[in-house]
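For reference, the structure discussed in these notes is given below.
For clarity, every value in this text was computed on a predicted model and none was experimentally measured.
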Amino acid sequence: MRVLVTGGAGFIGAHIVAALLAGGHEPVVLDALLPTAHPVTPPAPPQAEWFRADVRDPTAVTRALRGVDAVCHQAAMVGLGKDFADAPAYVDCNDRGTSVLLAAMARTGVRKLVLAGSMVVYGEGRYDCPRHGRVTPGPRRVDDLAAGRFEPGCPHCGAELASGLVREDAPTDPRNVYAATKLAQEHLAASWARATGSRAVSLRYHNVYGPGMPRDTPYAGVASFFRSALARGEAPSVFEDGGQRRDFVHVRDVAVANSLVLGGIARRPPGTFGAYNTGSGTPRTIGETATALADAYGGPAPVVTGEFRLGDVRHITADSALLREEFGWRPEVAFADGITEFARAAQRPAVPSQQAAAGTAVARP
């Protein structure tokens, strides 16, 4: 199968290209190789055709779609960013870019899409109150966070809540600009699928980590922050009290998930959209992860700062059973092994700018 991978030079995209090649597919890479995301031009796999172009360029996208059977859409501006001033850039890269791609796919007759989704569309994770059952806490208040009260309480009685794994049928509640754009991407993909009789799947990635993560950028994931600090000889800074729970999934497992879904998406009914959690299924606290990474690297030990960021959520962990059942995916990289590898692996060079539009295009025409 010939597969266009947008953002194929990025952290996750490059691993997907490698997985597709290993599976006997023919990847085509579209990446702008913007200096804000790629200060050093990455090497191109000789087996893959490359287009250095922006996903927001209709002419370039149409050219890259020639002869393509399916699209794996990874191009996006990622992370929480610096502040709300980033909003126009996020919407432009993520939502306008996706709309340009989908319009070109509609024109050229490409009818299969796998989208890089995100767990951020859920907002807070699943919570249960001993009195009121399943509840949805609102955004945490600044005065609570400043006072070190990090756990959300029951919105009805204020009681302590028990957190659990989130399923795909949970309501969406994006809490920041990036999250809003990722949910909008899903709505655009669903609309495209219905209008054209196509098939679309969103893989809602949880905290992806592994070799090749970028360093020293406000747009990377928390694992990259910790690894960057260790590389500078500094202690990783752990926000809040370190008790936040996340699901850390290795990038090679995520790449395999994309390859499997691309191979099995034809089994889905035409005109449909489906979302699938893509996580290890084993929650870890942020503090635990920072400690494991520091130990594997050789120190220094993490420092819990009590700082917080508005828009962050307390607990969000995945139930990925649906992806396993329907597509046969199984994460294979154990947390201890993946963290040890990540502690020793090279990171991508530092981004010299305050913006990192992660892979909105590709290299070499």
Note to self: side-chain contact (heavy atoms from CB on, under 4.5 Å), that's the test. Do Val177 and Asp86 meet it? Break it down for me.
What the structure shows: CA-CA 8 Å; Val177 171; Asp86 286 334; over 6 Å; no
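- Two residues are said to be in side-chain contact when any heavy atoms from C-beta on lie closer than 4.5 Å; Arg246 and Thr289 fail this criterion.
- When atom types are taken as modelled, the side chain of Thr108 and the backbone of Leu65 share no donor-acceptor pair closer than 3.5 angstrom.
- Formation of a donor-acceptor pair under 3.5 Å by the Lys182 side chain with backbone atoms of Ala116 is found in this model.
- Here the closest heavy-atom approach between residue Val249 and residue Gly279 is recorded as CB-CA, 4.0 Å.
- Geometrically, Arg134 does not engage Tyr127 in a cation-pi contact defined by less than 6.0 Å to the ring centre and at most 45° from the axis.
- Shown here for Arg252 and His15, the closest heavy-atom pair between the two residues is CG-ND1, 4.0 Å.
- For the side-chain hydrogen bond (donor to acceptor under 3.5 Å, both in side chains) with Tyr122, the qualifying choice from Asp173, Thr172, Asn277, Thr136 is Asn277, the only one to do so.
- Val261 places a side-chain heavy atom less than 4.5 Å from the side chain of Leu203.
- Considering only heavy atoms from C-beta on, Ser202 comes within 4.5 Å of Phe273 through its side chain.
- Nearest approach of Leu262 to Ala70, heavy atoms of both residues: CD2-CB, 3.8 Å.
- The six-membered or imidazole ring of His206 lies away from that of Phe248, with a centre-to-centre distance of 6.0 Å or more.
- Among all heavy-atom pairs drawn from Asp247 and Thr317, the shortest one is N-CG2, 4.0 Å.
- By the 30° and 60° cut-offs, the orientation of the rings of Tyr90 relative to Tyr178 is tilted.
- The shortest side-chain heavy-atom distance between His250 and Glu341 falls under the 4.5 Å cut-off.
- Between Arg140 and Glu240 there is a salt bridge, since at least one side-chain N of the basic residue sits less than 4.0 Å from a carboxylate O of the acidic one.
- Residue Glu234 qualifies as enclosed at atom CD: its count of foreign heavy atoms under 6.0 Å is above 12.
- Proximity of the aromatic rings of Tyr297 and Phe226 is defined here by a centroid distance below 6.0 angstrom, and this criterion is not met.
- Contact check on Arg56 versus Asp92 returns a salt bridge, with a Lys/Arg side-chain nitrogen under 4.0 Å from an Asp/Glu carboxylate oxygen.
- By the 4.5 Å heavy-atom criterion applied to side chains, Val166 and Asp319 are not counted as neighbours.
- Looking at every heavy atom in both residues, Ala9 comes nearest to Leu33 through CB-CD2, 3.6 Å.
- The neighbour count for Arg149 CZ, taken as heavy atoms of other residues, nucleotides or ligands under 6.0 Å away, is above 12.
- Using a distance-only test at 3.5 Å, with no hydrogens or angles considered, no donor-acceptor pair links the side chain of Arg227 to the main chain of Ala294.
- Using a 4.5 Å cut-off on side-chain heavy atoms (C-beta onward), Glu186 and Arg204 make contact.
- In the displayed structure, Arg167 atom CZ is contacted under 6.0 Å by at most 12 heavy atoms of other residues, nucleotides or ligands.
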